[in-house]
Amino acid sequence: MIDIENGTEFEIEISILENITKALTNKDIELIVVKNDEIQELNKEYRNIDKPTDVLSFPMDLEISNMPLLGSIVISTDFVEEKAKEYNHSFNEEFTLLFIHGLLHLLGFDHEIDNGEHRIKEEELIKKFNLPDSLIVRNS
């Protein structure tokens, strides 16, 4: 299940996000949808980077938690809008890509240190859920 907290005016298509989540985990996800100013505050507080970003993931410490929550994903709709226009995707396609990216981080994938496994898994999910191939270009 996805518990969504949407602090924006955008309506988020939750059904595909739930299907993607169910394909990868039986844990719950907290999804927080914000604007750049809010994600910048989180990025500064948790990563010591004082600028907005597109998506942040906060995994639960599974060793100390027996909760069904895998973690939290925070997505900035300002970035979604900008990148959707830049790469000629719909808002929801771009949002879904960022959700996949964040979910894979919660599952332990890390593109900053792996050998491309994160990107390969994103491409698999794009194909599996019949998302536009153009998202792979966005991902490259």
Side-chain angles (χ1 to χ4, degrees):
M1 182 190 87
I2 298 174
D3 179 28
I4 188 166
E5 180 182 315
N6 188 352
T8 73
E9 70 277 9
F10 291 97
E11 193 168 318
I12 307 302
E13 287 183 18
I14 195 83
S15 59
I16 189 165
L17 305 179
E18 287 180 337
N19 290 337
I20 291 166
T21 301
K22 286 177 191 172
L24 296 173
T25 182
N26 61 356
K27 297 271 189 179
D28 295 341
I29 305 294
E30 178 183 44
L31 175 60
I32 303 167
V33 185
V34 298
K35 295 292 204 173
N36 271 355
D37 58 336
E38 292 174 79
I39 207 164
Q40 181 170 347
E41 287 177 33
L42 292 170
N43 205 20
K44 183 178 180 182
E45 180 177 347
Y46 292 99
R47 297 178 65 222
N48 207 28
I49 299 173
D50 192 12
K51 65 179 186 176
T53 188
D54 51 2
V55 59
L56 292 171
S57 299
F58 298 97
M60 290 291 293
D61 187 340
L62 299 178
E63 292 180 16
I64 62 170
S65 173
N66 60 0
M67 294 178 57
L69 182 65
L70 184 64
S72 301
I73 299 170
V74 183
I75 298 177
S76 168
T77 56
D78 291 325
F79 267 91
V80 174
E81 277 189 300
E82 176 186 320
K83 294 300 180 184
K85 288 177 186 170
E86 181 179 340
Y87 292 103
N88 199 28
H89 303 146
S90 75
F91 177 89
N92 280 304
E93 290 166 347
E94 187 66 25
F95 191 93
T96 301
L97 177 63
L98 292 178
F99 179 82
I100 288 171
H101 187 86
L103 178 56
L104 290 176
H105 272 296
L106 293 182
L107 292 167
F109 287 84
D110 189 347
H111 57 88
E112 293 182 9
I113 59 171
D114 69 17
N115 293 315
E117 293 92 349
H118 193 153
R119 185 174 183 276
I120 290 166
K121 190 65 174 177
E122 283 179 345
E123 291 179 10
E124 285 175 17
L125 292 168
I126 288 167
K127 290 176 181 166
K128 180 176 182 172
F129 288 95
N130 297 315
L131 295 165
D133 287 340
S134 59
L135 288 177
I136 293 172
V137 172
R138 158 65 177 98
N139 189 28
S140 298

Checklist line | Within 6.0 angstrom of Glu11 CD, more than 12 heavy atoms from elsewhere | finding: no
- Using a strict cut-off of less than 4.0 Å between a Lys/Arg side-chain nitrogen and an Asp/Glu carboxylate oxygen, indicate whether Glu9 and Lys35 qualify as a salt bridge. yes
Discussion item. Let's go through Ile4 and Val33 carefully: what are the C-alpha distance in whole Å and the side-chain angles of both, what is the deciding distance for side-chain contact (heavy atoms from CB on, under 4.5 Å) to 0.1 Å, and is it a yes or a no?
Written reply: CA-CA 8 Å; Ile4 188 166; Val33 185; 4.1 Å; yes
Checklist entry - Counting heavy atoms not belonging to Glu82, are there more than 12 under 6.0 Å from its CD? => result yes
key: Arg119 and Glu123 ion-paired at < 4.0 Å   = yes
Quiz item: Can Leu17 be reached from Phe79 by stepping across I, L, V, M, F, W or Y side chains whose heavy atoms are under 4.5 Å apart?
Solution: no
Glu13 meets the side chain to side chain donor-acceptor pair (under 3.5 Å) criterion, sequence neighbours left out, with Asn92
query: Under a 4.0 Å N-O cut-off, is there an ion pair linking Glu124 with Lys121?
result: yes
Those residues at least two apart in sequence (or on a different chain) that pass side chain to side chain donor-acceptor pair (under 3.5 Å) with Glu30 are Ser72
#### Entry: Asn48 atom CG, neighbour heavy-atom count above 12 within 6.0 Å
no
d(Gln40 CD, Glu45 CD) to nearest 0.5 Å is 13.0 Å
Minimal heavy-atom distance between Ala84 and Ser90, with the atoms involved, is CB-O, 3.8 Å
For Asn6, the side chain to side chain donor-acceptor pair (under 3.5 Å) test, sequence neighbours excluded, returns Thr8
d(Phe99 CZ, Ile75 CD1) to nearest 0.5 Å is 7.0 Å
The reported gap from CG in Leu24 to CG in Leu107 (rounded to nearest 0.5 angstrom) is 6.0 Å
Between Ser57 and Gly102 the two heavy atoms that sit nearest each other are OG-O, 2.9 Å
For Thr53, the side chain to side chain donor-acceptor pair (under 3.5 Å) test, sequence neighbours excluded, returns none
Q) Would you find a donor on one side and an acceptor on the other, under 3.5 Å apart, between the side chain of Asn36 and the backbone of Asp78? A) no
Counting C-beta onward and ignoring hydrogens, is there a side-chain heavy-atom pair between Ile20 and Ile100 closer than 4.5 Å?
yes
Are the side chains of His101 and Glu122 in contact, using a 4.5 Å heavy-atom criterion?
yes
One should read off an interatomic distance between Ile73 CD1 and Ile2 CD1, to the nearest 0.5 angstrom, of 7.5 Å
Should the pair Lys44-Glu41 be classified as a salt bridge under the 4.0 Å nitrogen-to-oxygen rule?
no
To the nearest 0.5 Å, atom CG of Leu31 lies from atom CD1 of Ile29 at 9.0 Å
*Phe129, Leu106: one ILVMFWY side-chain cluster at the under-4.5 Å cut-off?*
yes
In this structure, CD1 of Ile14 is separated from CD1 of Ile16 (nearest 0.5 Å) by 11.0 Å
Sequence neighbours excluded, the answer for ring pair (Phe, Tyr, Trp, His ring centres under 6.0 Å) partners of Phe91 is Phe10
Going by chain and number, the hydrophobic cluster around Leu42 (ILVMFWY, side chain to side chain under 4.5 Å) further includes Ile32, Val34, Ile39, Tyr46, Leu56, Phe58, Val74
